[in-house]
Amino acid sequence: MDPILDGLNHAQREAVTSSGSILQVLAPPGSGKTKTLTARVAYLLSHHKYQPQDVICCTFTIKASREMRERLAKLIGEKLESRLILGTFHSICRRYLVKYGYLIGLRKGFGIADSDDTRAIIRRSIKRLKSSIEVKAAQGRISRHKAHGLSPDALADRAKAEELELVDIYRDYESALAASNLLDYDDLLLRCGDLLRDHPECVSNVQAVLVDEFQDTNIIQYELMNLFAAKNRRITIVGDPDQSIYGFRSAEIQNLKRMQRRYSNTTVVLLEDNYRSAASILNAAQEVIEQDTSRPAKALQATHSFGTLPVLRRLPNPNAEAQWMVLEIKRCAAMTGGLLRMSDFAVLLRSASLSTQIETAFGRAVKILLNYMRVVSHTGHSDALMNIVNVPPRRIGDETIKQLTSGAEKAKIPLWNFIKDVIQGRRSTEKKLQKTAEQGLCTLVNLIEASRQKLQECEDASAPRVLIEFIAERLSFQEYLIRTYPLDEDSRWANVRELMHQASEVAAFEEEEVDKEMDLPEIEGVQQQQAHSGEEALTRFLANVALATEITTREESKEGDQPSEKVTISTIHAAKGLEWPVVFVPAVYNGSIPHSRAEVVEEERRLLYVAMTRAQALLYLSIPIRQPRLGEGEDGATTLTPFLPPKLTKTRFRPTGPSLHEKVVYAIADILRRPRPSLDDMYKGLEFLPSTLDDRWTPEGEEDHSKFDSTSTSHEASGEPNPKRRRSDMNQGAKSTTYMSSAGYTMNNSTEFTIPTTVSSGFTSARDYIAANPVPPAEPASKPPAGADADAAGANKSKPLSSTGRKDGLTQASISNFFSGPGSSQKREPVLPSHPQPPPSRRYEGAPSQNQRSGARSIVPVALSSHRVQPRPLIPTRPALEPTNPNGYTWLAAPSKPTLKPARTSMTQEQSNNTSGGRAGADEVKPESSTRGFRPATTFHSTTMSMVQQAPRRTLGIRRSMNGWQDRMKREGGGQSS
DNA sequence: CCCATGAGTGTTTTT
DNA sequence: CACTCATGGG
């Protein structure tokens, strides 16, 4: 039979082969959504003979589109795949606008305003108008209005008093964008919509349109979809209302319904077999989502065995929570005999503000260069210009800038032109500029002019790279970095190198496939706009960067390219669509999971649902029972998220990590469809574990003091039989290993570096841990040089640097801090904490100032990972273009076969690991998902671990180390001790 | 008057 | 880290 249909179940096949022109595929987590969509594309090409360039396939994230491209390449061959019009809505729109934007009066060479630009513009307006609205709030509201197609004037009309203030800002913002010839994210969609409405001929070739993650579309995207398909009205969408988590971005869950109304011939196919997770995980997740009573009931059948119950763990505080995760990760890795490697673990957070910011911060060096390039590419980019006028410092301060901008405004010419005129004596500012400032401007102008010249000379795709190098050179950029960030200049410089690398890669890529992906098919009678190739290469490069990109760069290094062994840390949003064997969802307390600022609680619940359904074999939720900083109650006691009511936690979760005896391990292997490890392997890693059980803290979340001496294990907690392994007692030996370099390195710089080294008693420090483990599965490091390092470290740190005394108390506010935090000292990577037991009973609370080696400070974080994944939208609270009828879907068509699966799916008791029976489901259906093929995603932000490994990975841009945390730690530590 | 530097505060989710 | 506010040098 048709190879395209291989491995598809009944419902999936039905979806793929459906003859309906308007098709909705409702696909819950793990049901083979992407697989179905790609197969559908292949099917349309082969059975309907559509040309690939006549098929549009939209996703929401770059990552998703990349994945789809890869899968399609395998299915239909690269040749066809490369001709498909496939990408995020934003990138597809950009493509159309580049080619046909002139038809609606778009100026050539427009740039894309990323959120920094946007924020800067809005900030300025707010300041000028003396508004009291917060920048971020204004930014969000404006975007929301734009997403709903409301112009400033339209908004003014229905103005409520308080919106009036916003209207002015909005207007201002729009004109600033126009003045710089910039389009923001919303504009890309809006303007493309305008284009296609006025000139439908641009898409007259389109035979079929496919949209992934449809529940995340907003009104504009929905409209775009219709416009793309205007000619032939053939649309396939896949989505799942339960995974709608992008409402804040104006996604409208009602689009599903809306689409059904619009196309009366809509066919709906429902997929309901889950191939990803253990039944126990699915059951728990299902109960969470079903609390939303407005949601239509929907079945989700597990095809895997029950597995082992998910965990809901209580811990004393966020710090302990982080340590616990690390311990559990080590325990799992060690006790499963090589079955799980670091990349199989993920920590999913509700908010990643910390790490996110840091990452962006680290990207600053890169950003500076990009802004130079943007100015070179288009001198009208006043914003980019303002960002770099005084970077590196040129004695051009606020006053000078004010003079210049107001002068430019009066003269009605772009800032750049005005500046140039001023320094060339053709114009002058109201007030005379300082001599020094004038000189500074002069150098700047010279540099930009020289760069533009250079660009003109460069007629090919290498332009981006040539320019970066030229500019960096002329700025003595590396020296500037050293001067500015003495502590970690090199990691920043590394980011720059990375950028250069990306630039050259892009160049190579484009050379060899010039007419590939970026070109749209020629349409008779409609002319496409062409451009100077050097300039065009530059613009494109910049656009890709702005679109968050991760320009793919296929090849990720040839040698040693193991999928990088790191634990992934990501936001839940970014994790959508992905899966991992083991998933941790920390901080499930009220205020975090239903986020305190969340507008729609249901969305938060879905978020938890999405997080839980990312797990294949093991799922851990955890909560610090006290959160010192953001004290919720007195003493910062937290309350469990309302999404996990007692009824649920009692039946669907266990209080501590499962004991990992053979059966459990086999079940995990089966679910992952990996070979079962041998008993020998399973025993191997044990001796380095502090305990074979999750018993360092009591199930109630207290530190378990009894633990130190005796071996009394409280395994009962887990409800499973006591494994026969005994805990190896490792006290002493510092088995740590290698962390040499880091220590050495940092020491030079003096400032602190403390942290990492603190190894406490005999465990490996986090850093060692990673150093030792990163690669192969867990093989613990060999033996240790021990002692010395720890001492050194200790000594060093004991000297608190100057005033900022760091203490080590480390109470972080949240886990994310923890992870990112401490461990890193200067350039190192993140480390994983390790540390199981605190040595002697030192508790940290008591001794704030000293003790660095106490267990407390052990921080160390995990490798922080990398990753960011895809996002998707959600429902807004807006005033509605349509009656909101939350979820009243009607299934127009029935799904797959009635499915009766043997009841195996839900055995209620945990012990169901029975036998290998676990694989039952798997036999009937060919497994599909599985983890293969997925890489940890390199993304824009990769973090640090990479440094540990030799080969730096490539990602677009930012590689970060976690400095910066140090100050933070110092501060926090200090504060709290007092 | 203008610019640089240091201290203090605070942070959902993302194309 | 970004942002804001205060102080000190030119």
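Chain letters run A, B, ... following the sequence lines, proteins first and then strands; every chain starts at 1. For the numbers below, each heavy atom of this structure counts, side chains included, while hydrogens, waters and symmetry mates do not.
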Go through A:D114 and A:R119 one step at a time and tell me if the salt bridge (Lys or Arg N to Asp or Glu O under 4.0 Å) criterion holds. CA-CA 9 Å; A:D114 63 20; A:R119 205 188 337 123; over 6 Å; no
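The side chain of A:N390 lies closest to B:dA4, out of C:dC3, B:dT13, B:dA4. The side chain of A:H573 lies closest to B:dT14, out of B:dT14, B:dC3, C:dT4. For A:R249, whose side chain is taken as the heavy atoms from C-beta onward, the closest listed nucleotide among B:dT13, B:dT14, B:dC3 is B:dT14. Ranking C:dA2, B:dA4, B:dC3 by closeness to the A:R364 side chain, first place goes to C:dA2. Among the nucleotides B:dT13, B:dT12, B:dT15, the one closest to any side-chain atom of A:F248 is B:dT13.
Regarding contacts with the backbone of C:dC3, a side-chain N or O of A:R123 is found under 4.0 angstrom from either OP1 or OP2. In this structure, A:R394 does not reach the B:dA4 phosphate: none of its side-chain N or O atoms is under 4.0 Å from OP1 or OP2. A close approach under 4.0 Å does occur between a side-chain nitrogen or oxygen of A:R597 and OP1 or OP2 of B:dT12. Of the side-chain N and O atoms in A:S592, none sit less than 4.0 angstrom from OP1 or OP2 of B:dT12. The phosphate of B:dT14 has neither OP1 nor OP2 within less than 4.0 Å of any side-chain N or O from A:K576. Contact annotation: A:S115 side-chain N/O to B:dT14 OP1/OP2 distance is not under 4.0 Å. Contact between the side-chain N/O atoms of A:R119 and the OP1/OP2 oxygens of C:dC3 is found at a separation under 4.0 Å.
For the pair A:I401 and A:R350, nearest-nucleotide mapping onto DNA chain B gives the more 5' position to A:I401. Of the residues near DNA chain B, A:R395 and A:F89, the one whose nearest nucleotide (by heavy atom distance) lies more toward the 5' end is A:R395.
Atom CD of A:E604 and atom P of B:dT12 are 13 Å apart (whole Å). Nucleotide B:dT14 holds its P atom 16 Å from the CD atom of A:Q221, rounded to whole Å. If you take CG of A:D116 and P of C:dA2, they are 9 Å apart, rounded to a whole angstrom. Between the CZ atom of A:R124 and the C1' atom of C:dC3 there is a distance of 16 Å, rounded to whole Å. One atom, NZ of A:K136, and another, P of C:dA2, lie 14 Å apart when rounded to the nearest Å. Straight-line distance from the CZ atom of A:R141 to the P atom of B:dT14: 22 Å, rounded to whole Å. Across the protein-nucleic acid pair, A:R144 atom CZ and B:dT12 atom C1' stand 13 Å apart, rounded to whole Å. What separates NZ of A:K146 from P of B:dT14 is a distance of 21 Å, to the nearest Å.
As judged by a 4.0 angstrom heavy-atom cut-off over every strand, A:D398 is placed among residues touching the sugar-phosphate backbone only. Contact annotation for A:S596: no contact, since no heavy-atom pair falls under 4.0 Å across all strands.
One distance of note links CD of A:E604 with CZ of A:R606; it measures 9.5 Å at 0.5 Å rounding.
Side-chain polar atoms of A:R492 and A:N495 form no donor-acceptor pair below 3.5 angstrom.
A side-chain contact (heavy atoms from CB on, under 4.5 Å) with A:I112 is found for one member of A:L188, A:T539, A:L182 and no other, namely A:L188. Of the listed residues (A:T118, A:D184, A:D186), just one forms a side-chain hydrogen bond (donor to acceptor under 3.5 Å, both in side chains) with A:S143, and that residue is A:D186.
By the 4.0 Å N-to-carboxylate-O rule, A:R144 lies close enough to A:E599 to be salt-bridged with it. The pair A:K146-A:D187 counts as a salt bridge, with a side-chain nitrogen and a carboxylate oxygen less than 4.0 angstrom apart. A salt bridge does not link A:D116 with A:R364: none of the charged nitrogens is closer than 4.0 Å to a carboxylate oxygen.
Within residues 430-440 of chain A, the residues having any heavy atom closer than 4.0 Å to DNA chain B are, in order of number, A:K431, A:Q434.
Taking the six-membered ring where the residue is Trp, A:H90 and A:Y185 present perpendicular rings, their angle passing 60° and hence far from 30°.
Ring stacking holds between A:H595 and B:dT12, with the centres under 5.5 Å apart and the planes within 30 degrees of each other.
Spacing between C:dT4 and B:dT12 at atom C1', rounded to whole Å, works out to 23 Å.
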